[in-house]
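Notes for the one structure printed next.
To find a chain, count down the sequence lines: A is the first, B the second, and so on, and within it residues start at 1.
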Amino acid sequence: MLKDITLGQFFPGNSPLHKMDPRMKIIISAIFIVAIFFAKNIFSFALLILFSLILTTLSGIKHSVILKGLKPIVFIVVFTAIINIFWTKGETPLINFGIIKIYPEGIYTAAFMIIRVVSLVVGTSLLLSYTTSPIALTDALERLMNPLKKLKVPVHEFAMMMTIALRFIPTLIEETEKIMNAQKARGADFESGNLLNRLKALVPILIPLFISAFRRADELAVAMECRCYHGGDGRTKMKILRFSVFDFVWLFVMLIFSVSVFCLNYIPTTIKLSF
Amino acid sequence: MKLTDIRLENVSYIYSPNTPFQKEALENINITFKGGKLTGIIGHTGSGKSTLAQLLNGLLKPTSGKVYLGDTDIWEKPKEINKIRYKVGLVFQYPEYQLFEETVYEDIAYGPKNMGVSGDNLNRTVSEAADFVGLTPDLLKKSPFELSGGEKRRVALAGVIAMEPEVLVLDEPAAGLDPRGRTEILERIRNYQKQKNNTIILISHSMEDISEYADEIAVLKNSKVLCSGTVDTVFRNAELIRSNGLAIPKITEIMLELKHRGFPVSDGIYTTSDAHKEIIRLINSYKKNGENNA
């Protein structure tokens with residue numbers, strides 16, 4: 001069912017990750033991403049895994065949820081791993097089938113690639129999507145992009161559009177389901193026939209969906225005007241974001257982590273990587 | 001036309017089973033909707049009315065239990081569930097939001113076309129359906145989006161009627177219409193049922209509407225059938241319905257109150273015209289008594 005798709009899968013909670021200022025989360029995620037791409041040897045990768053595990057434990061999010069979140073990237077991960085295994089050249093091949101040669105370097109590269117992608121997804125989704133509500137996230141983005149206002153970038157408008165878009169995703173999913181059911185009751189068939197027929201079968205869903213989306217947009221615009229919405233100027237916030245000491249501790253930890261990743265790269269190892 | 005019963009046997013339905021969002025919408029429902037009758041289903045929001053409607057035409061598959069249309073289990077051949085959907089027409093809440101074609105005619109013809117009806121037969125069934133819901137032929141050439149809210153609703157209704165279903169299920173057909181629109185659409189449904197003599201299931205939360213138009217009533221409460229039967233028998237249980245937090249028709253409430261105050265009025269009065277007769281009878285009997293005493 002369409003409803004089972006989880007989008008912006010926020011899990012309310014009270015963990016240290018939940019309590020962090022969303023702006024700090026964005027900054028920390030950025031540092032984390034950079035650190036991931038600095039990691040180059042087995043020690044720095046070990047630290048990466050350790051850090052991801054610590055984040056997982058601190059967040060209090062169930063492991064099954066995190067594993068489920070990794071499903072969409074399984075294909076990419078497997079694909080890049082296979083490419084790495086077969087295409088990385090080394091000195092002495094581990095397996096030699098004539099044309100196909102597998103080098104130990106290839107396997108290491110593939111393994112590190114997997115760790116890299118998985119910790120990237122786990123880390124950022126723990127910091128951003130699982131523990132931060134979409135509203136807090138757009139609010140934080142707006143604050144962080146505030147300096148761009150000087151360059152006449154309509155920051156507030158972008159943030160508002162994002163908030164509204166996020167807000168309406170579940171509504172539209174529900175609406176799609178309703179319309180699909182109504183057309184099914186009139187004998188519409190979405191599951192059989194060739195591609196062209198299936199595309200044609202979408203018309204009776206898309207047209208009512210567009211019409212209702214426009215209607216909703218119109219109603220929302222009127223409702224916003226009734227409440228004197230006139231953009232971001234002079235608008236006050238109910239929740240004012242303030243950095244706490246705690247947030248700076250996080251920043252500090254994160255910086256130490258990245259520096260360590262960077263330094264660990266210099267410990268000599270026998271495993272050679274091709275990146 | 002043959003009369004088709006539709007029967008639910010120990011039907012339960014659970015939304016998102018085995019997840020934290022698990023919710024039991026219907027629990028062990030046993031009920032028969034009699035062929036050729038207009039049955040009203042009534043209950044609070046969240047009592048499982050709409051789930052029940054979708055179980056009847058196979059949009060939802062019961063988690064356990066069976067749904068029979070006539071003598072056939074509708075899920076016997078899951079691949080042919082579409083055939084069941086042709087036999088059991090379902091009109092959703094606010095069906096006007098499902099209109100999409102360029103003309104009213106085309107929109108009404110969408111269902112029959114999916115069934116493989118064409119040519120003269122299609123023409124006949126569309127104009128017949130349009131006639132049943134009171135759409136004039138000149139409206140058929142218009143775009144459905146030019147019509148008024150009430151007209152759109154009737155187009156959507158015609159779209160299902162045109163499929164000539166044996167059983168017609170209507171989920172809140174009068175919701176959001178003004179009083180005149182309500183009476184009009186409900187009258188049309190009643191007349192359609194009388195002419196076609198087919199089975200109609202009308203879901204509503206207005207006791208007034210149900211008592212006025214239905215032959216039988218089923219009351220749903222917290223995913224279960226609280227009581228069911230003819231309008232008479234159900235409203236004889238007015239106290240039970242009221243104690244379960246459901247409104248009974250205003251007129252029945254008045255009659256109950258009269259009874260509480262010691263007037264010998266009969267139970268099971270739920271339309272204004274019946275109440276009128278009853279009160280006249282009562283007054284006459286008092287007059288008689290008065291004359292006798294004098």
Query raised in the report: Quick check: are there more than 12 heavy atoms from other residues, nucleotides or ligands sitting under 6.0 Å from NZ of B:Lys79?
Result: no
**Report entry** Crowding at OH, A:Tyr229 (>12 non-hydrogen neighbours, <6.0 Å)
**Finding:** yes
Requested in this report: Using a cut-off of under 4.5 Å on heavy-atom pairs, state which of B:Val169, B:Val91, B:Leu59, B:Asn82 scores highest against chain A.
Outcome: B:Leu59
**Report entry** Nearest-0.5 Å distance, CG of residue B:Leu60 to CG of residue A:Asn181
**Finding:** 7.0 Å
Query raised in the report: If you measure from the Lys or Arg side-chain nitrogens to the Asp or Glu carboxylate oxygens, is any gap between A:Asp189 and B:Arg85 under 4.0 Å?
Result: no
Query raised in the report: If you count the non-hydrogen atoms of other residues, nucleotides and ligands that lie under 6.0 Å from CD in A:Glu225, is the total more than 12?
Result: no
Requested in this report: Using a cut-off of under 4.5 Å on heavy-atom pairs, state which of B:Gly89, B:Ala162, B:Gly111, B:Ala156 scores highest against chain A.
Outcome: B:Gly111
Query raised in the report: In terms of heavy-atom proximity below 4.5 Å to chain A, should B:Met115 be classed as side chain, backbone, both, or neither?
Result: neither
Query raised in the report: Would a 4.5 Å heavy-atom cut-off, applied to side chains only, mark B:Tyr97 and A:Ser212 as touching?
Result: no
Report task. Could you tell me the separation between the CZ atom of B:Phe92 and the CZ atom of A:Arg186, rounded to the nearest 0.5 Å? Result -> 11.5 Å
Query - B:Glu101 portion near chain A, given a 4.5 angstrom heavy-atom threshold - result: neither
Query raised in the report: At what distance, to the nearest 0.5 angstrom, does CZ of B:Phe100 lie from CG of A:Leu206?
Result: 11.0 Å
Requested in this report: Might you confirm whether atom CD1 of A:Ile135 has over 12 heavy atoms from other residues, nucleotides or ligands at distances under 6.0 Å?
Outcome: no
Query raised in the report: Taking atom CD of B:Glu128 as the centre, does the number of heavy atoms from other residues, nucleotides or ligands within less than 6.0 Å exceed 12?
Result: yes
Query raised in the report: Should we count NE2 of A:His156 as having more than 12 external heavy atoms under 6.0 Å?
Result: yes
Query - Donor-acceptor contact below 3.5 Å, side chain B:Gln98 vs main chain A:Pro208 - result: no
**Report entry** Residue part contacting chain A, namely of B:Tyr94, when any heavy atom lies under 4.5 Å
**Finding:** neither
Report task. Could you please spell out the steps behind the side-chain contact (heavy atoms from CB on, under 4.5 Å) verdict for B:Asn114 and A:Lys184? Result -> CA-CA 10 Å; B:Asn114 280 334; A:Lys184 266 196 214 160; over 6 Å; no
Query raised in the report: So, for A:Ala185 and B:Leu90, which heavy atoms are closest and what is the spacing to 0.1 Å?
Result: CB-O, 3.9 Å
Query - Greater than 12 external heavy atoms within 6.0 Å of A:Asn194's CG - result: yes
